[in-house]
Amino acid sequence: MIRFDGDRMTVPDSVSADEERNLIRRMRAGDDRAFQWFAEHYAPALYRFASERVRGEPELVRDVVQTTLCRFMEKLDAYRGESAIFTWLCAVCRNEIAGHFRRSRRGEVEFDEAAEVESGPAANPETELLARENERLVHVVLDTMPPRYARILEWKYVEGLSVREIARLIDLSEKATESLLTRARTAFRATFDQLRGGSS
């Protein structure tokens, strides 16, 4: 739970959808402590997310993270909480990184555990189009999943946390956490296949 005790903030292990909506309401109202909590809780995770995709370019990582956070602030009034805040931030961050590489005419390798498509010098336009479509679907699926499922998948496959680390974050046993991950992966795959047309 997010708690604002005087000037002290207690940073939780995880944040529910209701708590995120409350955080957004506080930020819209200009609550400085809410802005501070947002920065302390989400910026480091977003920096790790960007660093995994832009290795060896710390200045670029800082730029895309700063731009992503600024874009979120610009869209604060329009944010409706249909997806987890970190899911939204990651989607924007991916777009910022992709835009940079398009502008500089460099390649980018995207990690996509759900629908990994090989690419490289021999990749044809159809393969690249499929890769972009699959990436878009990954974002859509994460946005439609229950926040707990989306968050645990992000921790595992975006931030690279181990099952043991995730178990500590959500206060479950490792066995229960693995079971939760399995359910989240199953739900992700079912929705992904449905949106892609792989099932009725």
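Everything quoted here is computed from the prediction, not taken from an experiment.
- For residues 161-183, no residue pair satisfies the ring pair (Phe, Tyr, Trp, His ring centres under 6.0 Å) rule, not counting sequence neighbours.
- Every residue meeting the side chain to side chain contact (heavy atoms under 4.5 Å, CB included) condition with E178, not counting sequence neighbours, appears here in chain and number order: V163, L181, T182, R185.
- The heavy-atom pair separating I24 from I85 by the smallest distance is CD1-CD1, 3.9 Å.
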Listing, residues 44-51 side-chain donor-acceptor contacts under 3.5 Å, not counting sequence neighbours, or none:
unit_1	atom_1	unit_2	atom_2	d
R48	NH2	E159	OE1	2.9
S51	OG	Y47	O	2.8

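- For E154, the salt bridge (Lys or Arg N to Asp or Glu O under 4.0 Å) test picks out no residue, with sequence neighbours left out.
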* To do: Might you work through the salt bridge (Lys or Arg N to Asp or Glu O under 4.0 Å) test for E20 and R151, ending with a clear yes or no?
  => CA-CA 13 Å; E20 287 196 333; R151 189 166 290 112; 3.2 Å; yes

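- Using a 4.5 Å heavy-atom threshold, the side chains of L172 and I166 count as separate.
- When ring centroids are compared, F38 and F72 come within the 6.0 Å threshold.
- Taking R148 as the reference, nothing meets the salt bridge (Lys or Arg N to Asp or Glu O under 4.0 Å) condition, with sequence neighbours excluded.
- Minimum interatomic distance between F35 and G30 (heavy atoms only, all atoms of both residues): CE1-CA, 4.0 Å.
- Residues E165 and G160 approach most closely at OE1-O, 4.5 Å, considering heavy atoms.
- L169 places none of its side-chain heavy atoms less than 4.5 Å from the side chain of I152.
- Of the possible donor and acceptor atoms, none in the side chain of R71 sits under 3.5 Å from a partner among the backbone N and O of V92.
- Side chains of N95 and T68 form no contact here, defined as non-hydrogen atoms less than 4.5 Å apart.
- Across all their heavy atoms, A34 and M27 have their closest contact at CB-CG, 3.8 Å.
- By the side-chain hydrogen bond (donor to acceptor under 3.5 Å, both in side chains) test, T186 pairs with no residue at all, sequence neighbours left out.
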